[in-house]
There are 2 protein chains.
Amino acid sequence: MKYINVYKDIKGKILKGIYPPGATLEGEEIFCEMYGLSRTTIRKAIAKLKQDGYVHSRQGSGIFVNPPEFYEEKSLTTISERIDKTENIETTVLDFKTIEADEELSEIFNLSIGSKLFYYTRVRKIVDSHNVLEKTYMPYYLFKDFNKDIIKKSVSKYIEKDCHYTISHDIKNIKAINVDKELAQLLNMEEGSATLQIQHKVYLNKSILAQYTLEIQTKNNIRFVAVR
Amino acid sequence: MKYINVYKDIKGKILKGIYPPGATLEGEEIFCEMYGLSRTTIRKAIAKLKQDGYVHSRQGSGIFVNPPEFYEEKSLTTISERIDKTENIETTVLDFKTIEADEELSEIFNLSIGSKLFYYTRVRKIVDSHNVLEKTYMPYYLFKDFNKDIIKKSVSKYIEKDCHYTISHDIKNIKAINVDKELAQLLNMEEGSATLQIQHKVYLNKSILAQYTLEIQTKNNIRFVAVR
DNA sequence: TGACATTTGTCCGTATGTATA
DNA sequence: CTATACATACGGACAAATGTC
């Protein structure tokens with residue numbers, strides 16, 4: 001875990017402005033001496049910095065600090081994930097109950113029609129930012145002791161820490177939708193206007209679907225940065 | 001470049017189904033013998049396979065082939081980039097002219113109002129798939145010999161190969177919009193319905209904006225996969 | 001429960017290739 | 001042309017997680 005410390009150290013210096021955007025970093029050899037580590041380890045740290053968009057490198061030239069838009073708001077951080085990092089989120093649970101799967105849901109979860117599912121909706125307000133409405137479905141047979149308190153906190157923590165499930169991957173589909181009457185009222189938007197809907201599926205090992213969420217954000221915008 | 005050959009070989013076998021989803025790959029040591037390469041090199045190839053979503057690995061366990069949704073349609077490949085790979089695109093140029101920057105454009109490009117810009121619109125039909133409408137602006141002072149023939153082919157190649165500029169990065173913003181009358185006719189969509197608009201900025205070194213594109217796709221859907 | 005072999009992860013030192021200035 | 005700096009590659013050693021007996 002030495003390389004991760006180097007990564008954190010350099011990342012911190014970039015975020016603090018000690019290495020400003022456009023700056024040339026010390027060469028790999030210098031870093032080796034500075035941290036007293038081998039070049040392999042330094043390069044692993046640099047590789048992670050590159051992967052996360054903090055720096056880029058050119059052979060024969062050097063390692064350069066990227067401008068902030070490279071690493072801000074990257075890769076579609078929907079709110080679900082941000083909860084673990086900042087506590088600047090107000091959560092209101094609107095609804096929580098168990099329902100029976102209709103045809104659509106049974107197909108999504110690959111369960112028989114009528115199977116029990118947990119269903120909840122919540123609004124999350126990112127302080128000084130936008131609102132998010134989430135509608136989530138989770139199969140009952142996987143999460144028997146699921147309850148309302150968990151929803152106010154972090155559901156993903158519950159899945160991984162309390163239930164000891166391993167989250168394998170998630171798939172997000174982004175779509176434009178017209179705001180309906182219900183949404184318009186809840187999020188204070190204009191009926192019929194266009195907004196982004198994010199469909200979010202969380203999978204456990206063996207492609208078991210653990211969570212199906214529809215997210216609507218009042219902020220009609222998602223940004224990506226790609227480095228050549 | 002040895003590792004990239006290994007990468008391509010294994011990737012090919014995954015795509016051909018020789019390694020089906022869920023399969024366990026040969027261990028690293030076996031690969032070393034098979035390809036006659038060191039473990040470092042094999043690991044570099046595996047690392048790239050992991051990065052591109054083809055496989056994942058667990059310490060103490062092995063290297064496993066991911067299901068197709070892990071590597072399909074990843075990371076928002078807008079059409080602009082796909083042109084280099086497949087020739088299955090029909091391009092129709094609808095408009096090509098020079099215009100003068102209004103307030104909005106002058107701000108986007110950081111130029112004074114009235115500066116000359118190239119402007120073109122084109123429709124691209126992905127064979128057996130969907131349509132894309134692009135509206136693009138490019139500053140005149142950077143691309144004096146720009147012409148209609150280039151637009152029919154690859155503009156990004158023109159920027160890099162012919163003009164010898166280096167593309168530093170690009171930023172994409174996704175937004176939901178209501179389809180207006182013009183769009184509805186061009187792309188055979190319903191007026192007022194919601195669809196995705198991708199705003200695409202291409203930057204050269206020193207944060208010079210070389211290209212500003214608004215893209216609208218008839219396919220109202222973008223997918224992402226993230227692996228834990 | 002514990003011991004053990006297997007497999008990936010991390011790390012070191014060194015050498016050579018290649019793009020850049 | 002030369003020096004510099006990153007990229008690729010080799011081989012070896014130990015750590016940590018996993019699965020099995």
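Proteins come first, then strands; the chains are lettered A, B, ... in the order of their sequence lines, and each starts at number 1.
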Original post:
Which atoms form the tightest heavy-atom contact between A:Phe118 and A:Pro139, and what is the distance?
Top reply: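 What the structure gives for the nearest pair is CD1-O, 4.4 Å.
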
**OP:** Could you pull out the closest heavy-atom pair between B:Lys148 and B:Phe96, with the gap in Å?
**Re:**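 Taking every non-hydrogen atom into account, N-CE2, 3.8 Å.
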
In whole angstrom, give the distance that lies between atom [atom1] of [X] and atom [atom2] of [N].
X	N	atom1	atom2	answer
A:Glu29	D:dT4	CD	P	12 Å
B:Arg43	C:dT8	CZ	P	9 Å
A:Ile42	C:dT14	CD1	P	16 Å
A:Glu28	C:dC12	CD	P	14 Å
A:Glu33	D:dA5	CD	C1'	14 Å
A:His56	D:dC6	NE2	P	12 Å
B:Lys48	D:dT8	NZ	P	10 Å
B:Met1	D:dA9	CE	P	8 Å

**OP:** Evaluate the ring planes of A:Tyr54 and A:Tyr7, with Trp represented by its six-membered ring, and classify them as parallel (under 30°), tilted (30 to 60°) or perpendicular (over 60°).
**Re:**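 The rings of A:Tyr54 and A:Tyr7 stand perpendicular, inter-plane angle above 60°.
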
Subject >> Nearest to side-chain heavy atoms of B:Lys2, which nucleotide of C:dT8, D:dA9, C:dG13 >> reply: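 Side chain of B:Lys2 sits closest to D:dA9.
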
Original post:
Looking at C:dT20, D:dA7, D:dG19, which one has an atom nearest to any side-chain atom of A:Gln59?
Top reply: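 Selected nucleotide (nearest to the side chain): D:dA7.
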
Presence of [X] side-chain N/O under 4.0 Å of [N] phosphate oxygens OP1/OP2:
X	N	answer
B:Thr40	D:dT8	no
A:Ser57	D:dA7	yes
A:Lys44	C:dT10	yes
B:Ser38	D:dC10	yes
A:Thr41	C:dC12	yes
B:Lys50	C:dG9	yes
A:Arg58	C:dA21	yes

**OP:** Quick one: label A:Ile63 by what it contacts on the DNA or RNA (base, sugar-phosphate, nothing), any heavy atom closer than 4.0 Å.
**Re:**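 A:Ile63: backbone/sugar contact only, no base atoms under 4.0 Å.
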
Original post:
What nucleic acid atoms does B:Leu37 come within less than 4.0 Å of, heavy atoms only: base, sugar-phosphate, or nothing?
Top reply: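 Touches sugar-phosphate only.
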
Original post:
Atom CD1 of A:Ile10 and atom CG of A:Leu49: how far apart are they, to the nearest 0.5 Å?
Top reply: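 CG of A:Leu49 is found 5.5 Å from CD1 of A:Ile10.
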
Original post:
Going by atom types alone, do B:Tyr19 and B:Glu26 pair a side-chain donor with an acceptor below 3.5 Å?
Top reply: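 Yes - a donor-acceptor pair under 3.5 Å links their side chains.
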
